[in-house]
Amino acid sequence: MPELPEVETTRRSFAERIDGATVAAVRLGKPLRWPLGCMPASLVGLRIGTAARRGKYLWLPVGDGGLLLHLGMSGSLAFSEHPGDPGAHDHFDLVTTRGTLRLTDPRRFGAVVWSLGLDADPARKLVAGLGLEPFDPAFGGEHLHRALRGRRVAIKQALLAGDIVVGAGNIYACEALFTAGIDPRTPAGRVSRPRCDRLAEAVRRILAQALELGGSTLRDYRDARGMAGSFQQHAAVYGRAGQPCLVCGTPVRRIVQAQRSTFFCPRCQKR
DNA sequence: AAGTGGACCTGCTAGC
DNA sequence: TGCTAGCAGGTCCACT
């Protein structure tokens, strides 16, 4: 599910309410991607700080450390109105003096990890390889061009890898490449400097637009207040295989790259 | 070193 | 109606 716009929308939807609250209890469901790494009971009584985001990770300060959360493919966080009856896919409850924040994640690719800081293990290890934030002023055509130099993977895969720029997952990488007019199969190292300028700008514009629309709700994504996103209604190519390109009318194509679907317009997007 | 494929796990849908 | 194959928003790891 969650790419940067969904994760950031989620963060904004719970950060204010939970900031300054105290942990009253922690409940664990089935195991997630990694073990929590501390005794849940030891969190009780600790004060929660202001939630932050790095890439698609959320960082929730708790006491002298914090929880690094990832929503995986199918995760969502929500304030639970019925904290007494967890469902089959509710795998983490943070019961606080300001409500219960509950992680629901059917596929369990998500994670909740205790760490003494973002720069302490294990959080540091998970965040270490991440690229620039897309809205960091340092992210632009120059950075992109330099980082892509010598890379032979397709540009789509280079964007998804997250070591150059974070936040664009499968939906927004497809959309950004469409906006920039770049064929997703183009070898990354062969994207010219001017096209890198356009691509960096497209990544920012698409993510900003998605953020304004509260992200994409393809299936079940909701923010912590239960609000769905609506970017999917504005997608130019993602999920539109066979339908006419909104610009030129050519049918949108679906191909597979690195075992993931890629959608693009074979006419508007060039190598 | 960079690139590739498999792994993790569950649910939904299209097609027979 | 019921079964099955294929697909889904992510990312880590082992291997070449």
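We use all heavy atoms of the structure for the numbers below, so side chains are in, but hydrogens, waters and symmetry mates are not. Throughout, a chain's letter reflects where its sequence line sits, starting with A, and its residues are numbered from 1.
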**Item:** Ranges pairing with ranges for DNA chain C, where each run has three or more Watson-Crick or G-U pairs under 3.5 Å
**Value:** B:2-8 with C:10-16, B:10-16 with C:2-8
**Message:** I'd like to check V252(A) versus F178(A) (side-chain heavy atoms, cut-off strictly below 4.5 Å). Are they in contact?
**Reply:** no
**Prompt:** Does H70(A) make a side-chain N or O approach to OP1 or OP2 of dG10(C) shorter than 4.0 Å?
**Reply:** no
**Asked** Given atom CZ of R53(A) and atom C1' of dG10(C), what is their separation to the nearest angstrom?
**Response** 15 Å
**Request:** Side chain of R33(A) only, please: which of dG9(C), dG5(B), dT11(C) is the nearest?
**Result:** dT11(C)
**Prompt:** Is it true that atom CZ of R193(A) has more than 12 heavy atoms of other residues, nucleotides or ligands lying nearer than 6.0 Å?
**Reply:** yes
**Prompt:** Just how far, in rounded Å, is P of dA2(B) from CD1 of I164(A)?
**Reply:** 11 Å
**Request:** Rounded to whole angstrom, note down the C1' distance from dT4(B) over to dG9(C).
**Result:** 22 Å
**Fill in**
Checking dG6(B), dT4(B), dC7(C) against the side chain of V153(A) (C-beta onward), the nearest is dT4(B)
**Prompt:** More than 12 heavy atoms of other residues, nucleotides or ligands under 6.0 Å from CG of D85(A): is that the case?
**Reply:** yes
**Asked** Can you check the Q259(A) CD to dG3(B) P distance for me, whole Å?
**Response** 16 Å
**Nearest to side-chain heavy atoms of R151(A), which nucleotide of dA8(C), dG3(B), dC12(C)** = dG3(B)
**Asked** If you measure from NZ on K156(A) to OG on S261(A), what distance do you get to the nearest 0.5 Å?
**Response** 7.5 Å
**Prompt:** Is S261(A) near enough to dA8(C) that one of its side-chain N or O atoms lies under 4.0 angstrom from OP1 or OP2?
**Reply:** yes
**Prompt:** Please give, in whole Å, the distance from dT11(C) P to K125(A) NZ?
**Reply:** 15 Å
**Request:** Report yes if at least one side-chain N or O of K56(A) is closer than 4.0 Å to OP1 or OP2 of dG9(C); otherwise report no.
**Result:** no
**Item:** Rounded distance (Å) that lies between atom P of dT11(C) and atom CG of N170(A)
**Value:** 11 Å
**Message:** Rounded to whole Å, how long is the line connecting atom CG of L148(A) with atom P of dG3(B)?
**Reply:** 11 Å
**Asked** Does NZ or CZ of R17(A) come closer than 6.0 Å to the centre of the six-membered ring of F79(A), within 45° of the ring's axis?
**Response** yes
**Item:** Separation of dC7(C) C1' from I255(A) CD1 (nearest whole Å)
**Value:** 16 Å
**Asked** Checking all strands, does F231(A) fall into the base, sugar-phosphate, or nothing category for heavy-atom contacts under 4.0 angstrom?
**Response** nothing
**Prompt:** Can you give one letter per nucleotide of nucleotides 9-16 of chain B, 5' to 3': B if a protein heavy atom sits under 4.0 Å from the base, S if only from the sugar-phosphate, - if neither?
**Reply:** BBSS----
**Asked** When rounded to the nearest Å, what value does the distance between P atoms of dC9(B) and dC3(C) take?
**Response** 25 Å
**Asked** Angle class for the H91(A)/H89(A) ring planes (parallel below 30°, perpendicular above 60°, tilted otherwise)?
**Response** perpendicular
**Message:** Surrounding CZ of R271(A) (heavy atoms of other residues, nucleotides or ligands, distance under 6.0 Å), is the total greater than 12?
**Reply:** yes
**Asked** What integer distance in Å separates Q157(A):CD from dG3(B):C1'?
**Response** 9 Å
**Message:** Mind checking if R260(A) touches a base, just sugar-phosphate, or nothing, with heavy atoms under 4.0 Å?
**Reply:** base
**Asked** Does one side chain, of T10(A) or D223(A), offer a donor that lies under 3.5 Å from an acceptor on the other?
**Response** no
**Prompt:** Does NZ in K270(A) sit with more than 12 non-hydrogen atoms of other residues, nucleotides or ligands closer than 6.0 Å?
**Reply:** yes
**Message:** Side-chain N or O of Y238(A) versus OP1/OP2 of dG9(C): is the shortest distance under 4.0 Å?
**Reply:** yes
**Message:** Going by ring pair (Phe, Tyr, Trp, His ring centres under 6.0 Å), Y172(A) matches just one of Y238(A), F231(A), F263(A). Which one?
**Reply:** F231(A)
